[in-house]
Amino acid sequence: MNNIINLTKMSLINLKAVYKQIYYVWIIWIGIAIFNPFFLNILLGISVLLTLYQVMAYEDNNHVDYLISYLPVKKSEYVISRYLFGIISILLSLIVIVAVYFISISINPAEKMPLDLLLPTSILSAVLSVAVIIPLVLKFGINKGRVFMSIIVMVISTIPVSIVSKLNETPDIINNIMSIINKIGLPILSIILSIVVLVISIFISLKLYINKEIKE
């Protein structure tokens with residue numbers, strides 16, 4: 001457990017090295033989301049995607065695989081630390097999203113989006129980002145993974161906006177969806193879906209990275 005915590009701390013330290021690259025993108029997206037609430041539902045996913053990807057890219061460029069092979073840590077511990085860092089990124093970004101939400105509705109009260117719909121959509125989008133980007137980078141590395149990253153960014157950027165925009169145009173559908181969610185229990189549903197997605201991703205990442213050949 002100590003190794004996992006220390007590897008996560010390493011990534012948090014490395015975050016400082018790429019913070020400027022993420023900072024400018026965050027400012028742009030937050031500015032857009034404040035005046036256009038429909039972009040709020042993808043802000044969390046994009047924030048987590050950028051944070052996690054940039055840190056893993058920084059570490060990959062600095063040959064983190066060689067470091068892990070020489071350190072007295074297991075490959076599985078390194079993989080788990082990636083997910084712990086991803087979860088921390090989600091929690092930190094979630095604080096920003098909630099703050100931006102209340103700023104947005106104070107500026108555009110007419111464009112108010114239900115928070116109980118926004119949060120599950122945003123969290124699941126962020127969890128999906130973590131679940132996809134970690135095995136992708138672990139398997140292909142940063143150079144080969146760039147093409148896949150472009151596709152992921154497009155999907156995360158377009159699908160949630162399209163879904164929420166469509167739902168906002170049809171309040172009856174929102175009411176029906178919320179009725180179904182309320183029957184199941186929103187917190188339980190969100191937790192179950194997030195856990196299932198992350199567990200599947202962890203198993204895939206463990207298998208990929210443990211079997212990965214580190215070439216000289």
Side-chain angles (χ1 to χ4, degrees), residues 1-26 29 42-94 96 123-157 193-216:
M1 188 62 186
N2 286 336
N3 287 338
I4 294 174
I5 293 174
N6 289 332
L7 288 168
T8 305
K9 287 180 179 178
M10 177 188 73
S11 292
L12 290 172
I13 292 172
N14 290 335
L15 179 59
K16 296 179 181 179
V18 297
Y19 184 72
K20 287 185 178 180
Q21 302 173 36
I22 302 171
Y23 176 78
Y24 294 118
V25 179
W26 263 41
W29 276 98
I42 63 172
L43 182 57
L44 180 59
I46 290 294
S47 298
V48 172
L49 180 65
L50 287 172
T51 302
L52 184 61
Y53 178 76
Q54 290 294 343
V55 169
M56 291 190 71
Y58 177 81
E59 293 177 352
D60 186 68
N61 284 331
N62 286 279
H63 309 292
V64 69
D65 289 340
Y66 296 111
L67 177 63
I68 298 302
S69 66
Y70 284 108
L71 287 176
V73 300
K74 299 177 181 177
K75 285 185 175 181
S76 58
E77 290 175 328
Y78 175 67
V79 171
I80 297 300
S81 73
R82 302 304 85 202
Y83 287 90
L84 181 57
F85 176 67
I87 292 171
I88 292 173
S89 299
I90 292 175
L91 295 176
L92 293 176
S93 299
L94 192 59
V96 176
I123 291 172
L124 288 176
S125 175
V127 169
L128 182 61
S129 297
V130 171
V132 173
I133 192 60
I134 292 177
L136 186 66
V137 175
L138 290 177
K139 172 63 177 178
F140 299 104
I142 188 62
N143 293 323
K144 293 182 180 178
R146 282 198 180 98
V147 176
F148 297 101
M149 275 300 303
S150 300
I151 297 173
I152 294 171
V153 170
M154 288 177 62
V155 170
I156 293 176
S157 299
L193 289 175
S194 297
I195 290 175
V196 169
V197 170
L198 286 177
V199 167
I200 292 173
S201 178
I202 288 172
F203 276 112
I204 293 173
S205 295
L206 285 171
K207 186 173 182 180
L208 291 174
Y209 196 66
I210 289 174
N211 296 327
K212 184 177 181 180
E213 252 186 71
I214 300 176
K215 298 179 181 180
E216 298 291 341

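- With rounding to the nearest 0.5 Å, the separation of NZ in Lys74 from CD1 in Ile4 is 9.5 Å.
- Between the side chains of Tyr78 and Asp65, not a single donor N or O lies within less than 3.5 Å of an accepting N or O.
- Between Ile13 atom CD1 and Thr8 atom OG1 the span is 11.0 Å, to the nearest 0.5 Å.
- To the nearest 0.5 angstrom, Ile133 atom CD1 is 10.5 Å from Ser205 atom OG.
- Every residue meeting the side-chain contact (heavy atoms from CB on, under 4.5 Å) condition with Leu92, not counting sequence neighbours, appears here in chain and number order: Ile88.
- Partners of Lys207 by side-chain contact (heavy atoms from CB on, under 4.5 Å), not counting sequence neighbours, listed by chain and number: Asn211.
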Set out, in order, the CA-CA distance, both residues' side-chain angles and the distance that settles side chain to side chain contact (heavy atoms under 4.5 Å, CB included) for Ile68 and Leu7, then state yes or no.
CA-CA 10 Å; Ile68 298 302; Leu7 288 168; 3.9 Å; yes
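- With sequence neighbours excluded, no residue forms a ring-ring contact (aromatic ring centres under 6.0 Å, His included) with Phe85.
- Under the rule for a side-chain contact (heavy atoms from CB on, under 4.5 Å), the partners of Asn3 that lie at least two apart in sequence or sit in another chain are Val73, Glu77.
- Applying the salt bridge (charged side-chain N to carboxylate O under 4.0 Å, His left out) definition to pairs two or more places apart or across chains, none involves residues 128-140.
- For Ser11, the side-chain hydrogen bond (donor to acceptor under 3.5 Å, both in side chains) partners two or more places apart in sequence, or in a different chain, are Glu59, Arg82.
- Distance check, rounded to the nearest 0.5 Å: CG of Leu67 to CG of Asn62 gives 10.0 Å.
- The backbone N or O of Met56 lies less than 3.5 Å from no partner atom in the side chain of Asp60, so there is not a single donor-acceptor pair.
- Rounding to the nearest 0.5 Å places CD1 of Ile80 at 13.0 Å from CD1 of Ile5.
- Pro135 approaches Ile204 most closely through the heavy-atom pair CB-CG2, 4.2 Å.
- Taken to the nearest 0.5 Å, the CG atom of Leu94 stands 13.0 Å off from the CD1 atom of Ile87.
- Listed by chain and number, the residues in a side-chain contact (heavy atoms from CB on, under 4.5 Å) with Ser47 are Trp26, Leu43, Ser93 (sequence neighbours excluded).
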Check residues 193-201 and write down every donor-acceptor pair under 3.5 Å in which the side-chain atom is one partner and the other belongs to a residue at least two apart or another chain.
from, atom 1, to, atom 2, distance (Å)
Ser194, OG, Ser190, O, 2.8
Ser201, OG, Tyr83, OH, 2.5
Ser201, OG, Ala131, O, 2.6

